There are 2 protein chains.
Amino acid sequence: MTSPDDRPYHHGDLRRVIIDTAIAMLDEPAGPQFTLREVARRAGVSHAAPYKHFPDKAALLTEIALIGFERLREALAAGSAGAPPGAVPALVGMARAYLEFGASNPALYRLMFGAGMDRSLHLSGRAMGAFDEVIGLLERGQAEGVIRPRPVRGQAAACWAQMHGLTLLALDGLLLPEKVGDGAVDAALSVLLEGLAVDPARWVQGHG
Amino acid sequence: MTSPDDRPYHHGDLRRVIIDTAIAMLDEPAGPQFTLREVARRAGVSHAAPYKHFPDKAALLTEIALIGFERLREALAAGSAGAPPGAVPALVGMARAYLEFGASNPALYRLMFGAGMDRSLHLSGRAMGAFDEVIGLLERGQAEGVIRPRPVRGQAAACWAQMHGLTLLALDGLLLPEKVGDGAVDAALSVLLEGLAVDPARWVQGHG
DNA sequence: CACCTATGTTTCCACTGTCAACTTCTGCAT
DNA sequence: ATGCAGAAGTTGACAGTGGAAACATAGGTG
């Protein structure tokens, strides 16, 4: 005896509900293969209603990916802001924030970088904000004299590649201790820092 | 005027043909979303025939991914074997082979590491052979005294993460010069070598 | 030769993404 | 207030999908 369909004809905020529902469904077994009809079902609307807000399923996925990039940018900014003073600790904080973002949003992360995304998506300003966070921090580090003076975009690429790779390997369960030893993430971060910092020994402790 | 259906009832080698066809279709727009029915169509058999060889589509994709790991292992072995003497050049050769494998087999590479793969797949011996190539090379480098004496599995994780990340960013078109400068791949490799090698300056030329 | 089993085929089902036509609201100009 | 255009939702269709079931054929073994 649920309420006898006093649901209004117009949902009022369907677009948002569709996006939220879809993001939630991303982390279910089906992943991004979730069904548009099931989204509609959970939102309590007819199976064709979503088409009033998104031309097709790909458009919905693209929108979700963009939201993911915005969240990532916020997470990175927070991660570097919450670190001890100095560009290198900020970089470490940002790296940990990146990894945690991936671990907390596995399917979303995969969607953002996965196949099927429009190539131009990654180049859009909305998606590039996260990359700019890294570049800004590296520039600051060079200005402080703690990051080696090299082309900053190359360094950023190295950072991003390392973070991206670590995140995905972790998501794939490839960083299990039995395969890669304990503290593989820390080890990889150390290698990265040793490649970037002017005085690695100052930041990387315990060469064990 | 094609031959009037002299096709024998039994295909003879359907399993192999299905796998080959599927691998070929992987690099078409649909990617791993290719249709099992289309595979059957191209193989010239009925749409249900593939089910005699694979319990479902996921099983076919898993088999393909395993084949991919084997090919990757071969490519890595060849890449290091074809390099100048010494563990560090071999490592560089292996790195380039890794990147080229990804660039040459984008969809296959994504499939191998993508979501939806059984977690246990990556842990299987068939898939871990590639990882062992890296570990063996690093051990050799440490024995030669050219790779820093650190836990080798951690170093391997760093290598793999960097390669994995670079490969995927490249596939996503994120390493375009306009975003990341020229030679981003080389820059990232340099950072990695500077983090691994005992005497980086000996291997990494041109700081600037 | 007869028959068992692996491999293929046909037929069927529930379900999907998407479209078109229809209905019901909401907002705005009058 | 009124009336109407268009946005937002609904219903019902369609072709195509993955998969199951039942049937057909062929090759190999007694």
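In what follows, every chain begins at residue 1, and chains take the letters A, B, ... in the order their sequences are listed. Just so it is clear, the model here is predicted, and its values are computed rather than measured.
Rounded to a whole Å, the CG atom of A:Asp13 is 16 Å from the C1' atom of C:dT26. Rounded to a whole Å, the CZ atom of B:Arg15 is 15 Å from the P atom of C:dA6. Atom-to-atom, NE2 of B:His53 to C1' of C:dT5 comes out at 14 Å; the value is rounded to the nearest Å.
Under the 3.5 Å distance criterion, the side-chain polar atoms of A:Gln162 are left unmatched by any main-chain donor or acceptor of B:Leu192.
Checked for salt-bridge contact, A:Arg96 and A:Asp186 meet the test: a charged N lies under 4.0 Å from a carboxylate O.
Looking at residues two or more places apart in sequence or on another chain, you find no ring-ring contact (aromatic ring centres under 6.0 Å, His included) involving B:Phe101.
Screening residues 13-37 of chain A for ring pair (Phe, Tyr, Trp, His ring centres under 6.0 Å) gives no qualifying pairs among residues at least two apart or on separate chains.
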If the sugar-phosphate is the primed atoms plus P, OP1 and OP2 and the base is the rest, what is the B/S/- string for nucleotides 12-22 of chain D, using protein heavy atoms under 4.0 Å?
BB---SBB---
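Across every non-hydrogen atom of B:Ala83 and B:Pro89, the tightest pair is CB-O, 3.5 Å.
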